[in-house]
There are 2 protein chains.
Amino acid sequence: MRNNLKKEESQLDGIDARLIELLYDNARTPVTELARAVGMTAPSVNERLKRLEESGVISGYRVEVNPLVLGYSLMAIVRMRQLPGKMKALEAQIDSIAEIVECDKVTGDDCYIARLYLKDISQLDPILDSISELADTNTAIVKSTPVTRRLLI
Amino acid sequence: MRNNLKKEESQLDGIDARLIELLYDNARTPVTELARAVGMTAPSVNERLKRLEESGVISGYRVEVNPLVLGYSLMAIVRMRQLPGKMKALEAQIDSIAEIVECDKVTGDDCYIARLYLKDISQLDPILDSISELADTNTAIVKSTPVTRRLLI
DNA sequence: CGTGAAATATCATAGCA
DNA sequence: TGCTATGATATTTCACG
């Protein structure tokens with residue numbers, strides 16, 4: 001994985017866009033099948049994928065795991081505002097909590113917004129307690145997901 | 001993709017967990033290479049993957065695209081509270097905005113929390129305007145991402 | 001950037017432990 | 001559940017337009 005990410009917009013042609021859509025649907029689709037779908041040969045598709053990877057457009061291929069099936073029946077979104085002088089400690093604490101799968105630092109009154117999976121609601125309190133000396137928190141439980149993470153190209 | 005998702009926790013053995021980690025790192029890793037990594041033969045790994053897919057633990061394999069390289073230089077998190085009687089219209093509007101790549105409906109004062117990509121800051125106002133008759137909004141710009149979406153198993 | 005062809009590697013299935 | 005064996009596919013490289 002190279003590091004020559006372009007900051008400027010690298011526009012995709014129709015075929016690259018289609019390849020990415022197909023790989024978003026199933027990242028393990030064989031190159032030959034991708035080639036059939038876009039009306040090209042396997043080697044050309046292979047080269048296109050290499051270019052997309054090396055230019056940084058494609059940053060990876062990831063398996064997607066269903067947290068529900070693993071017993072994580074709740075998702076929560078926790079907004080945090082660190083207490084004075086506690087920023088680094090808060091970030092370390094956030095990083096150490098495995099149930100936090102994502103966290104952004106943002107402008108505005110809330111400083112951090114994190115996404116959290118829980119096996120049941122009783123897990124929430126200990127986790128929030130472990131943060132309470134570092135930040136004020138505000139927790140929302142996810143009831144449904146009108147837009148599931150989707151592709152933007 | 002079958003639909004026999006188990007609601008109860010289906011615990012992974014060490015090998016399944018390792019396979020998922022390897023596929024989280026690179027979902028296109030050939031089965032033979034996975035097999036080498038876990039000290040098994042390709043057919044057995046293949047069967048394990050099938051089982052993980054059919055039990056719903058693995059819900060898919062997705063390409064990951066770097067929005068920065070495509071010119072989306074800003075990420076924002078928008079919290080929304082729908083105005084009376086506008087819930088369905090708001091959900092439809094949210095769904096129609098391609099830049100919103102994710103949206104959750106949550107408990108609490110904010111009803112919806114969405115993640116948004118922007119090519120530049122001037123794109124923000126038109127998008128918020130298109131929502132303003134359906135919901136009150138509160139927007140935070142992402143400054144950094146202390147925890148990038150990570151695997152929970 | 002694309003192709004065809006050939007060498008190498010991988011996948012899928014079936015039969016057995 | 002796992003392994004070996006095997007035929008069918010897929011990937012990769014290269015010479016060439």
Side-chain angles (χ1 to χ4, degrees), chain A residues 1-6 8-66 69-71 153, chain B residues 1-66 69-71 151 153:
Chain A
M1 223 67 72
R2 243 33 116 270
N3 212 6
N4 42 343
L5 306 182
K6 303 174 204 160
E8 330 86 56
E9 178 173 355
S10 87
Q11 196 40 56
L12 304 178
D13 69 16
I15 291 189
D16 284 347
R18 182 80 186 111
L19 291 174
I20 287 177
E21 281 171 3
L22 290 163
L23 289 169
Y24 191 76
D25 191 52
N26 177 12
R28 285 181 71 81
T29 310
V31 173
T32 46
E33 194 178 323
L34 298 174
R36 274 192 293 276
V38 301
M40 280 191 174
T41 60
S44 12
V45 169
N46 219 345
E47 272 195 22
R48 276 176 178 266
L49 294 184
K50 286 239 163 62
R51 282 196 292 273
L52 289 168
E53 289 160 13
E54 281 169 12
S55 67
V57 173
I58 290 180
S59 54
Y61 306 91
R62 301 217 143 30
V63 68
E64 186 181 86
V65 169
N66 185 339
V69 180
L70 294 180
I153 50 181
Chain B
M1 220 68 73
R2 242 34 116 268
N3 212 7
N4 41 342
L5 306 182
K6 303 176 203 157
K7 291 273 173 46
E8 329 87 55
E9 179 173 355
S10 87
Q11 196 41 55
L12 304 178
D13 68 16
I15 291 188
D16 284 346
R18 183 77 188 114
L19 291 174
I20 287 176
E21 280 171 4
L22 290 162
L23 289 169
Y24 192 75
D25 191 52
N26 177 12
R28 285 181 72 79
T29 310
V31 174
T32 47
E33 195 179 322
L34 298 174
R36 274 192 293 276
V38 301
M40 278 190 173
T41 60
S44 348
V45 169
N46 218 345
E47 273 193 22
R48 275 176 178 265
L49 294 184
K50 286 239 165 61
R51 281 196 294 272
L52 288 168
E53 291 161 10
E54 283 171 12
S55 67
V57 173
I58 290 180
S59 54
Y61 305 91
R62 316 227 107 96
V63 70
E64 186 182 85
V65 169
N66 185 337
V69 180
L70 294 180
L151 184 61
I153 50 180

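Note that this is a predicted model, so its numbers are computed, not measured. So that the names make sense, note that chain A is the first sequence line, chain B the second, and so on, each numbered from 1.
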### Task
Could you state the atom-to-atom distance from CG of B:D13 to C1' of D:dG2 in whole Å?
13 Å
### Message
Measuring only between side-chain heavy atoms, which start at C-beta, is B:R51 closer than 4.5 Å to B:D16?
### Response
no
### Qualifying residues under salt bridge (Lys or Arg N to Asp or Glu O under 4.0 Å), relative to A:R36, sequence neighbours excluded
none
## Note on the structure
Sequence neighbours excluded, the answer for side chain to side chain contact (heavy atoms under 4.5 Å, CB included) partners of A:E64 is B:S59, B:R62
### Message
Whole angstroms only, please: what is the NZ-P distance between A:K50 and C:dG2?
### Response
14 Å
### Task
Evaluate the side-chain proximity of B:V57 to B:I20: yes if any heavy-atom separation is below 4.5 Å, no if none is.
yes
### Message
Need one value for B:T32: base, sugar-phosphate or nothing, where a base atom within 4.0 Å counts as base even if backbone is also close, heavy atoms only.
### Response
sugar-phosphate
### Task
Measure from CZ on B:R51 to C1' on C:dA12 and round the result to the nearest Å.
15 Å
### Stems formed with participation of DNA chain C [Watson-Crick or G-U wobble, under 3.5 Å, three or more pairs]
C:2-17 with D:1-16
### Query
Are any of the side-chain heavy atoms of B:L22 and B:E33 separated by less than 4.5 Å?
no
### Query
Is any side-chain heavy atom of B:L49 closer than 4.5 Å to a side-chain heavy atom of B:L34?
yes
### Query
Over how many whole Å does the gap from B:L49 atom CG to D:dT1 atom P extend?
14 Å
### Query
Roughly how many Å is it from CD in B:E47 to P in C:dT13, rounded to a whole number?
11 Å
### Task
Answer yes or no: is there an ion pair linking A:K50 with A:E53, defined by an N-O contact shorter than 4.0 Å?
no
### Task
May I ask you to verify if any side-chain N or O of B:N46 is less than 4.0 angstrom from the OP1 or OP2 atom of C:dC11?
no
### Summary
In numerical order, the residues of residues 22-31 of chain A whose heavy atoms come under 4.0 Å of DNA chain D are A:P30, A:V31
#### Entry: Contacting residues from residues 35-42 of chain B, given that a heavy atom lies under 4.0 angstrom of DNA chain D
B:M40, B:T41
### Task
Report yes if some heavy atom in the side chain of A:D13 is under 4.5 Å from a heavy atom in the side chain of A:R48; otherwise report no.
yes
### Query
Which residues satisfy the side chain to side chain contact (heavy atoms under 4.5 Å, CB included) test with B:P43, sequence neighbours excluded?
B:T41
### Distance below 4.0 Å between B:R48 side-chain N/O and D:dG2 OP1 or OP2
yes
### Query
With a 4.5 Å heavy-atom cut-off, do A:N66 and A:L70 have their side chains touching?
no
### Message
Nearest whole Å is fine: how far is C:dC11 P from A:E33 CD?
### Response
14 Å
### Task
Taking the side chain as every heavy atom from C-beta outward, state whether A:E21 and A:I153 have any atom pair closer than 4.5 Å.
yes
